[in-house]
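Okay, so here's the structure we're looking at.
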Amino acid sequence: MDRRPITVLDPHVANQIAAGEVIERPASVVKELVENALDAGARRIEVEIRGGGKEYIRVSDDGAGIPPDEVPLAFCRHATSKIVTAADLSAVSTLGFRGEALASIAAVAEVEMRTRTPEQLEGTLYEIAAGKPKGRSPVGAPPGTTVIVRRLFFNTPARYKFLRSDAAEKRHVADVVARLSLARPEVAFRLVADGREVLVAPGDGLLASAVAAIFGPQSAREMLAVQFEMNGLSVSGLVGKPALHYGNRDRMCVVLNGRFIHSPSVIRAIEKGYDTLLPPRRFPAAVIHLECDPAAVDVNVHPAKAEVRFRADDTVFRAVHRAVRRALLSANLVPGHSTLDDTPPRPHPSEKGVAPAPLPYPRAQSPGEGRTPASEPAGKSESAQGEWTVVRAAATGKTAVFREESAVRELAPSWGADGSFEAGRTGSGTRAAPGVGAGEESGGREILRRMEILGQLHRTFILGETPGGLWIVDQHVAHERVLYERILRDGGPHAVQRLLAPVSVTLPPARSGLAEQYRDKLEEMGFLLEPFGGTSYLVRGLPVALSSPDPSRIGQLLDEVLSACEAEGRWNPHRLAAAVACRSAIKAGQVLDRTRMAKLVAELSECENPFACPHGRPIIIEVGRADLERRFGRH
Ligand code: ADP
Ligand code: MG
């Protein structure tokens, strides 16, 4: 690999570099040393720490190494091989360029470097502590560089005091190494903490492999590829399906030209891409790689180079938002049944008081669950028309009989005993095989269009046969999504139903000012309000979509929407649409006949996003055919 000699930067250039302390904690040492290894072209990097890195940090690489006479120079301030002139600063392509990291680390710790270039027969050992060189000597060493940092901040007790517990510092180190390996999937990483292997990324060049190593293989399988280009900016990476969500942003990572960056605006763009697909205050898994001309970004704004400035910030925002949105919408976003295994269903905000419907089929590993379908040979029998199989719903103990070819032929009487299954009998007999193979079909919308409705389950779910298995549609959230999109689309005066007898509502004092402020906006969406003295209003009209408006609820609805807009500091029509949709949608427990179910599924298939309700809850769950076959021991 081509390397330029290390030289001390001209003070004029050095002065143009964002100043500030880069070494705050063990993780910053690790970050700087690993970045140096990456800049040296390493293919394998090993990090070892002890005591959270406060006691000991070792970073070894198989990169270019440093020639013996340049080693002491590497530890001088503003000594770097990466830039020479101020002009170089405007298009930095390496991770480092400040020439300060080694000097800063050596100033506050005991440092030992062993390094050898491939041309040299012998390596160099160099030691330095608290900024004072201890000597340089030849040493046997493999090509590459190993830096050991001991007793970080031993000479600066005030800074040592700011360090957190070993466990917390170790977490920071692991986070940094994880992000670096997500940034560079072509490099193999290994992190060992107190003798235990914490992270191993294979370095096979596939982002999916790095993601599997860091987030776990299960999560990696739930990620979708992103690929998009706009105005010379390429956006690629992997984003989690909406069913994969977390309580914090730890699994969101932004990489720009191979450097992981802290970019609130890109993070916001990713989150906006998910829009209503995630529940409130839940965050996706996403690794986004941005590639652009280095001249289009300024990396020289933050001493630790963690922040960058895009010269065209809004292009980046729009490109990332679109890239993520496209990936999510073009993929089949129906959460796999595996979500049933680990995520207990949460009561929906609009369904407080309605008992959650039982799970439609046994959980994979419920404790004390002896009666798996596969262990019920008595329930499975051959018949002349084909093979029949029995599924037992663990929660209810009820069974359904499926015929293997595809259509549900009959349902055991016990299902209907409580009257919950009147629409369940299809008697459809044999029918043509569906025209789409699950493998060829990426658009879930198309599957919805062609789905054969099998019936209603527990007056709550619509069951449909699809090429890939069984789809279970939550009737309430499905309808909620349909209404939500309709309200946003069809707002305007024609969407108003004038009330024969106006209803008076009284808002809490804190909201009435807002009702005044947003009166026009409310009117656009169908709420005709007329001041009625104090904090009271006469409601003369309501959105058409608001079915059977209950006067006592209107005030509550307005209060909810206005307080959400107040919290956001702006008018947000989505809030209003979601609130109206939520109240007007078909409820769980409502019997739907076949025509109504078919209509709802058809309307859902026309939605921009048929797969998550405005609150982010899934609308459809799939029980895969392969999974059914596996559970019945067919493979
Ligand atoms: P910078 O990375 O900003 O140039 P550093 O203080 O981190 O500054 O490193 C100084 C110089 O030491 C680098 O420019 C590079 O030439 C050399 N160097 C540091 N670490 C390594 C390494 N692991 N392998 C090869 N060269 C290195
Ligand atoms: Mg560096």
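For ligands, and for the atoms within them, numbers begin at 1 and follow the listed sequence. We're numbering straight along the sequence, starting at 1. From a predicted model like this one, the values you see are computed outputs, not experimental measurements.
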Revision key, fill the gap. Close residues (non-hydrogen atom under 4.0 angstrom from ligand 1) work out to R3, I6, N36, A37, A40, D61, G65, I66, A74, A79, T80, S81, K82, G96, F97, R98, G99, E100, A101, L102, T145
Review point. Ion pair present between R50 and E55, side-chain N to carboxylate O less than 4.0 angstrom?
Key: no
Check residues 157-166 and write down every donor-acceptor pair under 3.5 Å in which the side-chain atom is one partner and the other belongs to a residue at least two apart or another chain.
{"unit_1": "R159", "atom_1": "NH2", "unit_2": "I23", "atom_2": "O", "d": "2.7"}
{"unit_1": "S165", "atom_1": "OG", "unit_2": "A168", "atom_2": "N", "d": "3.1"}
{"unit_1": "D166", "atom_1": "OD1", "unit_2": "K54", "atom_2": "NZ", "d": "3.0"}

Check your understanding: Judged by atom type as modelled, is there a donor-acceptor pair below 3.5 Å linking the side chain of N248 to the main-chain atoms of F283?
Key -> no
Review point. R445 side chain to C607 main-chain N or O, any donor-acceptor pair under 3.5 Å?
Key: yes
Review point. Near the Mg ion (ligand 2), which protein N/O/S atoms fall under 2.8 Å?
Key: N36 OD1
Review point. Checking T115 side chain against I66 main chain: does a donor-acceptor pair fall under 3.5 Å?
Key: yes
Pairs of donor and acceptor atoms involving the side chains of residues 119-142, under 3.5 Å and at least two apart or interchain, shall be tabulated with distances.
{"unit_1": "E119", "atom_1": "OE1", "unit_2": "T117", "atom_2": "OG1", "d": "3.4"}
{"unit_1": "Q120", "atom_1": "OE1", "unit_2": "T117", "atom_2": "OG1", "d": "2.7"}
{"unit_1": "R136", "atom_1": "NH1", "unit_2": "P68", "atom_2": "O", "d": "3.0"}

**Study point:** Donor-acceptor contact below 3.5 Å, side chain R179 vs main chain M252
**Key:** yes
Exercise for review: Check for a donor-acceptor pair, side chain of R184 on one end and backbone N or O of G258 on the other, with a separation under 3.5 Å.
Suggested key: yes
Point to revise | Audit row: E48, R58, salt bridge (charged side-chain N to carboxylate O under 4.0 Å, His left out) steps and yes/no | key: CA-CA 5 Å; E48 185 186 353; R58 172 177 63 84; 3.0 Å; yes
